[in-house]
Participant: 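Once you've had a glance at the structure underneath, I'll fire off some questions.
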Amino acid sequence: MADNEANDSDQNVLKKHAVFFDRNNDGVIYPWETFQGFRAIGSGILLSTIAAVYINVSLSRKTRPGKRYPNLLFPINIVNITMGKHGSDSGVYDSHGRFVPSKIEEIFQKYARTNPEALTADELDEFLKGNREPKDYGGWIAGLTEWKTLYYLAKDKNGLLEKDTIKTVYDGSLFEKMAAETAKKKHK
């Protein structure tokens, strides 16, 4: 398999990423579930609220093809999550939602100059600017929002966003880890 190809064994990686937020496991993510998921990983009420509104409003219509009218509850259908991909994205998920490991390596080879295994805030900004497609304003906003939220939630104590952390957000395991850590802190 070439380095730039997706792993067939990772066919459902994008779905696994989204499933964390399906709190009742019915295949549909509603804004209140997105909110609960963000709270579970330790986000504050404001960020969780903004994320729930932004994510569900952005993805609901895209993941509900053939529906003539928008659903004002803004559900996201996980089965169609690949339809929610936007322009100016990292390419770490291919069009089928499979993980493309070479894309992460490409990001770090090009932008990680301070530490080859992590991105600083400035390096992340350079990556986001370098990844923009011309006049894809919606994609720019989506990419900026996703990556800045990830940086805010998952950077280490030195302000670095580690490559391994980025890999785990793409397969959804970061959310489970953060939720376990948050729950552990609450029980102390």
Side-chain angles (χ1 to χ4, degrees), residues 4-7 10-22 27-31 33-35 37-38 41 43 47-108 110-111 119 121 123-154 161 163 165-175:
N4 62 349
E5 292 180 14
N7 292 331
D10 292 334
Q11 275 185 315
N12 297 315
V13 173
L14 180 55
K15 288 180 186 175
K16 282 195 261 182
H17 171 88
V19 160
F20 174 81
F21 295 94
D22 182 11
V28 180
I29 305 168
Y30 288 96
E33 291 177 292
T34 304
F35 175 86
F38 269 82
I41 63 173
S43 296
L47 177 57
S48 298
T49 302
I50 292 169
V53 171
Y54 175 77
I55 291 168
N56 284 76
V57 168
S58 298
L59 295 178
S60 180
R61 185 90 187 235
K62 292 177 182 180
T63 64
R64 299 176 63 250
K67 304 292 182 188
R68 187 170 179 185
Y69 300 105
N71 183 325
L72 296 181
L73 295 177
F74 299 104
I76 298 170
N77 290 342
I78 294 174
V79 71
N80 297 323
I81 197 68
T82 57
M83 294 176 171
K85 282 182 51 71
H86 57 81
S88 299
D89 76 351
S90 63
V92 176
Y93 293 127
D94 71 5
S95 60
H96 301 286
R98 295 175 298 198
F99 180 70
V100 184
S102 64
K103 291 296 185 177
I104 287 183
E105 296 305 322
E106 187 179 305
I107 292 167
F108 279 83
K110 193 169 183 179
Y111 297 100
L119 295 173
E123 291 165 348
L124 180 61
D125 289 342
E126 288 178 42
F127 158 63
L128 290 170
K129 288 177 187 169
N131 206 46
R132 290 179 181 168
E133 294 173 11
K135 297 183 180 183
D136 177 29
Y137 305 114
W140 295 2
I141 292 167
L144 178 74
T145 304
E146 291 166 355
W147 282 93
K148 289 295 191 169
T149 302
L150 175 60
Y151 181 83
Y152 174 75
L153 293 173
L161 184 57
K163 185 191 301 186
T165 301
I166 293 171
K167 287 178 181 178
T168 62
V169 79
Y170 278 103
D171 71 13
S173 64
L174 177 66
F175 303 136

Participant: To check you understand the geometry: which heavy-atom pair defines the closest contact between Ala52 and Phe35, and what is its length?
Facilitator: CB-N, 3.8 Å

Participant: Within the structure provided, determine whether Ile76 and Phe21 are in side-chain contact (heavy-atom separation under 4.5 Å).
Facilitator: no

Participant: What is the minimum heavy-atom distance between Ser48 and Ser43, and which atoms define it?
Facilitator: OG-CB, 3.4 Å

Participant: May I ask you to decide if Lys16's main-chain N or O and Asp171's side chain share a donor-acceptor pair within less than 3.5 Å?
Facilitator: no

Participant: What is the minimum heavy-atom distance between Gly143 and Leu128, and which atoms define it?
Facilitator: O-CD2, 3.7 Å

Participant: Using 30° and 60° as the class limits, which term best fits the ring planes of Tyr93 and His17: parallel, tilted or perpendicular?
Facilitator: perpendicular

Participant: Could you check whether Lys163 pairs with Glu105 (Lys NZ or Arg NE/NH1/NH2 to Asp/Glu carboxylate O, under 4.0 Å)?
Facilitator: yes

Participant: Are any non-hydrogen side-chain atoms of Ile166 and Trp147 less than 4.5 angstrom apart?
Facilitator: yes

Participant: Would you say NZ of Lys110 has more than 12 non-hydrogen atoms from neighbouring residues, nucleotides or ligands within 6.0 angstrom?
Facilitator: no

Participant: Taking the side chain as every heavy atom from C-beta outward, state whether Leu124 and Leu150 have any atom pair closer than 4.5 Å.
Facilitator: no

Participant: Looking only at heavy atoms, which two atoms of Tyr111 and Gly130 are closest? And how far apart?
Facilitator: OH-CA, 3.5 Å

Participant: For Asp89 versus Asn131, what's the shortest heavy-atom pair and its separation?
Facilitator: O-ND2, 2.7 Å

Participant: Between Glu33 and Ile29, what is the shortest heavy-atom contact and its length?
Facilitator: OE1-CA, 3.4 Å

Participant: Got Phe38 and Ile55 here, is their nearest side-chain heavy-atom distance under 4.5 Å?
Facilitator: yes

Participant: Tell me, do Val19 and Phe175 make a side-chain contact under 4.5 Å, heavy atoms counted?
Facilitator: no

Participant: Are Ile104 and Phe99 side-chain neighbours, meaning at least one heavy-atom pair lies under 4.5 Å?
Facilitator: yes

Participant: May I ask you to test the Asn77-Val28 pair for a side-chain heavy-atom distance under 4.5 Å?
Facilitator: yes

